[in-house]
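Have a look at the structure below before the remarks.
One is the number of the first residue; the rest follow in order along the sequence. Below, all heavy atoms of this structure are taken into account, side chains as well, without hydrogens, waters or symmetry copies. Please read these numbers as outputs of a predicted model, since none were measured by experiment. In each ligand, atom 1 is the first atom listed, and ligand 1 is the first ligand listed.
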Amino acid sequence: MSAILKTYNRKKISFERGEGAFLYSKNKKKYLDFVQGIAVNCLGHANKSLINAINKQAKKVWHISNVFQIPEQERLARRLTKKTFADYVIFQNSGAEATEAAIKIARRYFYKKGQPKKNRILCIRNSFHGRTIATIFASNSKKMTEGFYPKADGFDHFDFGSHKELEKKITSKTAAIMVETIMGEGGIKVIPDFCLKGLRKLCNKKNILLILDEVQCGIGRSGKFFAFEYAKIKPDIVPIAKGIGGGFPIGACLVNKKVGNKMTPGTHGSTFGGNPLAMSVGNAVLDNLFKKNFLKNVKQNGEYFAKHLKSLKNKYPTVISEVRGLGLLLGIKLKVNNVKFIDKLLEKNLLTVKASENVVRLLPPLNVKKNEINKALEIIEKVCKTYK
Ligand SMILES: *Cc1c(COP(=O)(O)O)cnc(C)c1O
């Protein structure tokens, strides 16, 4: 009997080591890993530059309280702000904490402006922002909130794609609209550029902050550093996590000057957030991502992968109904059961993970090689054939 609380349906498999896009199980079988810790290991397993960075830092100092200056943290924040819309960064340890920080920062902004009642956050129904009390009620999905009442107040909801409901739900109390630029857990649903542009305009018009949760789709996953860059807009607040640590737990919230200036000493904090060990890895991740052509490769490989998945969809229309996503955040929506499909892929040594709406998520490392994508396509086609 396992002593782990049963909050996951775990596959009966464990791994001994990894290398790039591959994982090796205890019985020495080799698996192509297109889960990568759910879009976390952006540089694959056992990346040399990340190993060097963490080893080097581990010999110097691991943890320093945020009551002191942390130069490694200053550096990562500087680099993130230089590349993006943001002027400030606050470091956390997970995606849920990053989105919670985003909620606090939005509320604080209007509080300091003398509008304390403008404190409600408008979110997409059944989105995913984490598993804390506040973030589950931000999503408001039955599955995540059942048994966890009383409800954290202050969240309103609209359906993905429902412009009408969105406009209807905005009141004078709406402080922010918070959405995932690409819904990950929700089934790899991309908010189209014209909608993001419209959202930004709407927020400007109604004096509402725009929070784009890029915990899953950010840090190069979409083929741009942030997925919202495709729409050429600037949000006010952006929580990140997953990819930025390359496997080391890091969360962060990026904010613009207008909003960030309202956060003063004592308004937020974290014991672990932004410690030197984490920051050394974060900086090494950026060393790789900021290399010339890195993101271009993600985009090209993503397009290549999507194109071939679409031909599989055309070839096996009774199995695959849709190919979704951007960059290397891809999903195939199935007409057959996604969990069974995933088990069949696993049998053929390809690791994938499910998402809502009967989707199978494909999340290779961002530095995946074309022949590894081809191998995955081959396995997916073999599994498709079993349904004929
Ligand atoms: C994974 C995820 C989170 C939560 O991150 P944790 O590190 O699991 O707390 C929040 N938002 C989005 C979009 C995510 O994909």
Side-chain angles (χ1 to χ4, degrees), residues 5 7-8 10 34-42 90-106 121-141 143-145 148 152 155 157 160 176-191 196 210-222 225-228 235 237-254 270 272-274 278 281-282 285 324-331 352-357 359-363 366:
L5 209 57
T7 57
Y8 279 89
R10 294 169 193 272
F34 277 22
V35 179
Q36 292 293 338
I38 311 196
V40 166
N41 310 318
C42 56
I90 183 165
F91 287 102
Q92 309 278 295
N93 313 286
S94 67
E97 281 180 306
T99 50
E100 283 240 9
I103 294 162
K104 282 182 72 176
I105 292 165
I121 316 288
L122 184 50
C123 306
I124 293 178
R125 208 169 271 124
N126 298 334
S127 53
F128 189 83
H129 300 291
R131 296 289 199 153
T132 61
I133 293 288
T135 55
I136 58 174
F137 286 103
S139 311
N140 216 31
S141 85
K143 206 175 88 189
M144 284 199 291
T145 58
F148 301 119
F155 298 99
H157 300 91
F160 180 90
I177 296 173
M178 177 166 80
V179 299
E180 296 163 75
T181 319
I182 302 173
M183 285 175 79
E185 306 299 310
I188 318 280
K189 296 206 281 195
V190 183
I191 299 184
L196 284 174
L210 180 58
I211 305 173
L212 294 178
D213 181 344
E214 295 244 357
V215 168
Q216 189 157 159
C217 63
I219 322 299
R221 186 52 59 184
S222 73
F225 190 73
F226 282 130
F228 63 75
I237 306 174
V238 172
I240 61 171
K242 296 196 167 89
I244 186 63
F248 196 94
I250 303 179
C253 193
L254 279 64
S270 167
F272 294 117
V281 185
V285 165
R324 294 173 168 182
L326 254 182
L328 290 170
L329 182 57
L330 293 171
T352 59
V353 65
K354 68 176 176 173
S356 297
E357 302 193 349
V359 166
V360 175
R361 258 183 294 180
L362 303 159
L363 305 165
L366 300 186

I'd like to check the salt bridge (charged side-chain N to carboxylate O under 4.0 Å, His left out) partners of Arg131; sequence neighbours left out, ordered by chain and number.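 If we apply the salt bridge (charged side-chain N to carboxylate O under 4.0 Å, His left out) test to Arg131, skipping adjacent residues, there are no hits.
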
Can you list everything that forms a salt bridge (charged side-chain N to carboxylate O under 4.0 Å, His left out) with Lys354? Sequence neighbours excluded, please.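 For Lys354 there are no salt bridge (charged side-chain N to carboxylate O under 4.0 Å, His left out) partners, ignoring immediate neighbours.
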
Verify the neighbour count for atom CZ of Phe160: are there more than 12 heavy atoms of other residues, nucleotides or ligands below 6.0 Å?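 Yes, enclosed.
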
Give every residue pair that meets the salt bridge (charged side-chain N to carboxylate O under 4.0 Å, His left out) criterion with at least one member in residues 182-191, sequence neighbours excluded.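 Sorted pair list: Glu185-Arg361, Lys189-Glu357.
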
How far apart are the C-alpha atoms of Arg221 and Gln216, what are their side-chain angles, what is the distance that settles it, and do they pass the side-chain contact (heavy atoms from CB on, under 4.5 Å) test? CA-CA 8 Å; Arg221 186 52 59 184; Gln216 189 157 159; 5.6 Å; no

Check: Ser270/Gln92 side-chain N/O donor and acceptor closer than 3.5 Å: no

Within the 4.0 Å heavy-atom sphere of ligand 1, strictly under, residues: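 Heavy-atom contacts below 4.0 Å: Ser94, Gly95, Ala96, Phe128, His129, Gly130, Glu180, Asp213, Val215, Gln216, Lys242.
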
